[in-house]
Amino acid sequence: MEPALAHLRIDTPVGPLLISGTDEYIQAVNFTEEPETAFPQPPHLLLDCAQQLHEYFAGDRKVFELPIQQPGTDFQQTVWEQLTRIPFGQTISYLQLAHRIGNPKSIRAVGTTNGKNQLAIIVPCHRVIGANGMLVGYAGGLWRKRWLLEHERLDLFSGLM
């Protein structure tokens with residue numbers, strides 16, 4: 001039997017995030033517009049995740065060190081694993097991501113999978129951009145994608161949107 005998910009809501013410069021997980025893994029980090037809710041005391045791992053996210057927003061963390069697990073197909077897991085390999089401050093295109101998984105014809109499926117990522121920021125889907133360098137497709141909104149990329153010192157997008 002799977003352990004029940006615990007939740008922790010934190011405030012960030014890009015709006016509230018809802019962290020969900022257990023004492024063994026983080027399953028989701030999602031932007032939320034829901035009003036603040038009182039949750040029972042979260043497991044230590046959720047507090048650690050919150051701390052690492054605060055460090056990221058403060059500019060003190062570039063890599064997350066958390067056990068993560070989100071449900072998905074083998075294909076989705078492969079795409080999400082490749083996302084974690086995009087270095088802080090760098091971007092790749094959806095086509096480059098499809099090449100990295102060894103299937104350049106899967107560009108649409110890669111884009112769809114990118115959009116289904118439930119671990120915002122930790123699995124950095126915001127680092128994937130259009131082949132023409134444009135900001136496209138981000139479940140949290142393009143303004144958040146722009147903010148995250150600029151936070152990672154990517155100012156080459158100024159003036160786009």
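- Listed here is the closest heavy atom pair of H54 and D11: CE1-O, 3.5 Å.
- Two residues are said to be in side-chain contact when any heavy atoms from C-beta on lie closer than 4.5 Å; Q118 and Q70 meet this criterion.
- Every residue meeting the side-chain contact (heavy atoms from CB on, under 4.5 Å) condition with H7, not counting sequence neighbours, appears here in chain and number order: L5, L18, S20, F39.
- Residues V29 and I121 fail the side-chain proximity criterion, which asks for heavy atoms closer than 4.5 Å.
- Once rounded to the nearest 0.5 Å, the distance linking CZ of R85 with CD of Q90 reads 14.5 Å.
- Within the model, atoms CD1 of I68 and CG of L45 stand 11.0 Å from one another, a figure rounded to the nearest 0.5 Å.
- Between R127 and L83 there is no side-chain heavy-atom pair separated by less than 4.5 Å.
- Between W147 and F57, the two ring planes are tilted [angle within 30° to 60°].
- Checked against V128 for a side chain to side chain contact (heavy atoms under 4.5 Å, CB included), the options L95, L135, V110, I86 give a single hit: I86.
- Of all heavy-atom pairs spanning A50 and L8, the tightest one is CB-CD2, 3.8 Å.
- Taking a 6.0 Å sphere around CG of N132, one finds it holds more than 12 heavy atoms contributed by other residues, nucleotides or ligands.
- If you take CG on L142 and CG on L149, they are separated by 10.5 Å, rounding to the nearest 0.5 Å.
- In this structure, H44 NE2 and L46 CG are separated by 10.5 Å, a value rounded to the nearest 0.5 Å.
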Where do L148 and Y138 land on the side chain to side chain contact (heavy atoms under 4.5 Å, CB included) test, with the steps shown first? CA-CA 11 Å; L148 293 167; Y138 191 63; 3.4 Å; yes
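- Between N103 and K105, the closest side-chain pair of non-hydrogen atoms falls below 4.5 Å.
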Carefully, step by step, assess L17 and F31 under the rule side chain to side chain contact (heavy atoms under 4.5 Å, CB included). CA-CA 5 Å; L17 288 172; F31 298 103; 3.4 Å; yes
Run the side chain to side chain contact (heavy atoms under 4.5 Å, CB included) test on Q27 and Q69 for me, step by step, so that the C-alpha distance in whole Å, both residues' side-chain angles and the decisive distance to 0.1 Å come before the verdict. CA-CA 5 Å; Q27 182 172 318; Q69 176 180 312; 5.7 Å; no
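- Of the N and O atoms on the side chains of Q77 and E81, not one donor lies less than 3.5 Å from an acceptor on the other residue.
- Residues F75 and T113 have side chains in contact (heavy-atom distance under 4.5 Å, counting atoms from C-beta outward).
- For the side chain to side chain donor-acceptor pair (under 3.5 Å) criterion with H126, the lone passing option out of H151, E152, K145, R144 is E152.
- In terms of modelled atom types and a separation under 3.5 Å, the side chain of Q52 and the main chain of C49 share no donor-acceptor contact.
- Put simply, OG1 on T112 and CG on N117 are 13.0 Å apart, with the number rounded to the nearest 0.5 Å.
- Residues Y56 and T12 form no side-chain contact, since every pair of their non-hydrogen atoms from C-beta on lies 4.5 Å or further apart.
- One distance of note links CG of L119 with CD1 of I26; it measures 8.0 Å at 0.5 Å rounding.
- When all heavy atoms of I101 and S106 are compared, the closest pair comes out as CD1-OG, 3.6 Å.
- With contacts defined as side-chain heavy-atom distances shorter than 4.5 Å, the pair P16/I10 does not qualify.
- Contact record, A131 with S93: CA-CB, 3.9 Å, taken as the closest heavy-atom pair.
- Salt bridge absent: K62 and D60 never bring a charged side-chain N and a carboxylate O closer than 4.0 Å.
- A heavy-atom distance below 4.5 Å is found between the side chains of V136 and Y94.
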